[in-house]
Amino acid sequence: MIDEFAKEHLHRRLRRDRGALLWKLDGLSEYDARRPLTATGTNLLGLVKHVATVEARYFGEVFDRPVPEPLPRWQDSDGSDLWATEDETRDQIIEFYRRTWEHSDATIHQLPLDAPGHVPWWSDPCPNTNLFAVMIHVLGESIRHTGQADILRENLDGRTGLRAEHEKQIDEQARATHSARIERAARSAAYPMV
């Protein structure tokens, strides 16, 4: 009983974060969805592509259930899953992510939490694992990258949150006042008056 509850709870959280990550692309120009927004090149469409690849590997290869489309070997990873080439469309990447969901969901539904898996890119003594550990790991990856996407999107146009239906109208004056208050506290703590 507890296994099914845990599995459903983790799966529900994963599905929530998938939707939130895709929502970060809504309304963005092609350029803003793709352009590097950090010094290391992190970008919104690249985060979607990366998370799709992570899910495909963990819920596919790890349980000997490879996704039906080709992925580069994990040993050959060159970082190309972190950005979209000019030949890849936004729709192609989003559809790859959705197909990966279907494949991942099938793995999650069909296997028990203690189903054995093998992660060859995890170092000893941990490459042998199970569905529960993989679900926790993938959920952590998903949460991490969705959080990054939230910050990137906020820097682009101020939009934040998990879903459109919870989004509030941006109050620029309130945000500026709040930010100024935090700046004053930071300066005061860093440079106390003697």
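Atoms considered below: every heavy atom in the structure, side chains included; atoms not considered: hydrogens, waters and symmetry mates. Everything numeric here is computed off the predicted structure, so don't read it as measured data.
Ring geometry for Trp122 against His137 counts as perpendicular: the plane angle is over 60°, on a 0 to 90° scale with 30° as the lower cut. The aromatic rings of Tyr97 and Trp101 sit perpendicular, their planes meeting at an angle over 60°, well past the 30° parallel limit.
With sequence neighbours excluded, the residues that form a side-chain contact (heavy atoms from CB on, under 4.5 Å) with Thr42 are Thr38, Thr40, Leu47, Leu152. Residues that satisfy the side-chain hydrogen bond (donor to acceptor under 3.5 Å, both in side chains) test with Asn43, not counting sequence neighbours, are absent from this structure. Judged as a side-chain contact (heavy atoms from CB on, under 4.5 Å), and not counting sequence neighbours, the contacts of Thr177 are Gln173. In this structure Leu82 satisfies the side-chain contact (heavy atoms from CB on, under 4.5 Å) test together with His50, sequence neighbours excluded. Applying the side-chain contact (heavy atoms from CB on, under 4.5 Å) criterion to Asn128, with sequence neighbours excluded, gives His118.
Nearest heavy-atom pair across Lys24 and Ala149 is CG-CB, 3.8 Å. Taking every heavy atom of both residues into account, Thr100 and Ala56 meet most closely at CG2-N, 3.4 Å.
Using a cutoff of 4.0 Å between basic side-chain nitrogens and carboxylate oxygens, Glu55 and Arg18 are scored as salt-bridged. Remark: Arg98 does not engage Glu102 in a salt bridge, criterion side-chain N to carboxylate O under 4.0 Å. A salt bridge does not link Glu141 with Arg57: none of the charged nitrogens is closer than 4.0 Å to a carboxylate oxygen. Under a 4.0 Å N-O distance rule, the pair Arg153/Asp150 does not qualify as a salt bridge. With salt bridges taken as basic N to acidic carboxylate O contacts below 4.0 Å, one links Arg99 and Glu69.
Annotation: Asp64, atom CG; neighbour count of heavy atoms from other residues, nucleotides and ligands within 6.0 Å does not exceed 12.
Residue Tyr58 holds its OH atom at 13.5 Å from OG of Ser142, rounded to the nearest 0.5 Å.
You'll find the side chain of Phe59 reaches within 4.5 Å of the side chain of Leu14, heavy atoms only.
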Which atom pairs, donor and acceptor, lie under 3.5 Å between side-chain atoms of residues 178-186 and protein residues at least two apart or in another chain?
| from | atom 1 | to | atom 2 | distance (Å) |
| --- | --- | --- | --- | --- |
| Glu183 | OE2 | Arg187 | NE | 2.7 |
| Glu183 | OE2 | Arg187 | NH2 | 3.2 |

